[in-house]
Engineer: 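Structure incoming, see below.
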Amino acid sequence: MAKTGRSKPQVPRLKKRRPEWDEYFMDIADLVSKRSTCLRRSVGAVIVKDRRLLATGYNGAPSGLQHCLDTGCLREQLGVPSGERHELCRGLHAEQNAIIQAALHGVSVNGSSLYCTNHPCIICAKMIINAGVVTVIVKADYKDELAADILKEAGITVTQL
């Protein structure tokens with residue numbers, strides 16, 4: 001076939017938008033939250049260092065135990081308001097599970113960032129501090145003034161996307 005000297009017509013390329021890193025990791029936390037077995041709130045968390053995913057966690061019962069999806073929610077049955085009486089819940093929080101998963105697999109989270117679909121509670125805030133997490137990025141707020149105060153006192157930057 002003879003060449004005509006004409007080049008192939010250029011097909012216009014659609015400009016693809018890549019998510020920024022914070023958006024990318026928060027999207028992963030959102031996806032992780034879909035594994036939650038909590039009847040009240042689905043929360044996901046991811047721990048990241050140097051743009052590498054170290055661990056994930058979602059809220060639910062300890063491994064091998066029945067989930068609230070199976071047993072019902074004791075806090076709901078007792079009328080306990082959100083943010084109160086955490087000890088009455090059979091589940092762990094997403095942040096706790098992410099930190100525990102890292103520890104279980106021998107992964108240090110010292111100097112890391114934690115992305116979470118909700119602001120940490122006071123219990124999680126204390127664990128975050130002692131685990132060496134230096135930055136917390138949240139999608140939604142959670143009314144726990146003490147948690148916000150203690151994270152600030154510890155010098156941990158909290159940013160809401």
Engineer: Working to the nearest 0.5 Å, report the span between OG1 of Thr71 and CD of Gln66.
Structural biologist: 6.5 Å
Engineer: Are Val109 and Ile128 in one and the same hydrophobic cluster, where Ile, Leu, Val, Met, Phe, Trp and Tyr link if side-chain heavy atoms are under 4.5 Å apart?
Structural biologist: yes
Engineer: Please check if the side chain of Tyr142 supplies one atom and the backbone of Gly83 the other of a donor-acceptor pair under 3.5 Å.
Structural biologist: yes
Engineer: Quick check on the hydrophobic clustering: are Leu54 and Val46 connected, directly or via other members, by side-chain heavy-atom contacts under 4.5 Å?
Structural biologist: no
Engineer: In Å and rounded to the nearest 0.5 Å, what is the NE2 to CE distance from His93 to Met127?
Structural biologist: 10.5 Å
Engineer: Rounded to the nearest 0.5 Å, how far does CG of Asn130 lie from CG of Asn110?
Structural biologist: 11.0 Å
Engineer: With a 4.5 Å cut-off on side-chain heavy-atom distances among I, L, V, M, F, W and Y, is there a chain of contacts connecting Val32 to Leu53?
Structural biologist: yes
Engineer: I'd like to know if Glu95 and Lys126 make a salt bridge, using a cut-off of under 4.0 Å between side-chain N and carboxylate O.
Structural biologist: no
Engineer: Taking the side chain from Ser36 and the backbone from Asn59, do they hold a donor-acceptor pair closer than 3.5 Å?
Structural biologist: yes
Engineer: Any donor-acceptor pair under 3.5 Å linking the side chain of Arg75 with the backbone of Glu84?
Structural biologist: yes
Engineer: In Å and rounded to the nearest 0.5 Å, what is the CG to CD1 distance from Leu104 to Ile99?
Structural biologist: 13.5 Å
Engineer: Does the plane of the ring in Phe25 sit parallel, tilted or perpendicular to the ring in Trp21? Use 30° and 60° as the thresholds.
Structural biologist: parallel
Engineer: Over all heavy atoms of both residues, which pair between Ser33 and Ser42 is shortest? Give the atoms and the distance, please.
Structural biologist: O-CB, 3.6 Å
Engineer: If only atom types and distance count, is the side chain of Asp70 paired as donor or acceptor with the main-chain N or O of His67 below 3.5 Å?
Structural biologist: yes
Engineer: To the nearest 0.5 Å, what is the distance between OG1 (Thr117) and CG (Leu161)?
Structural biologist: 11.5 Å
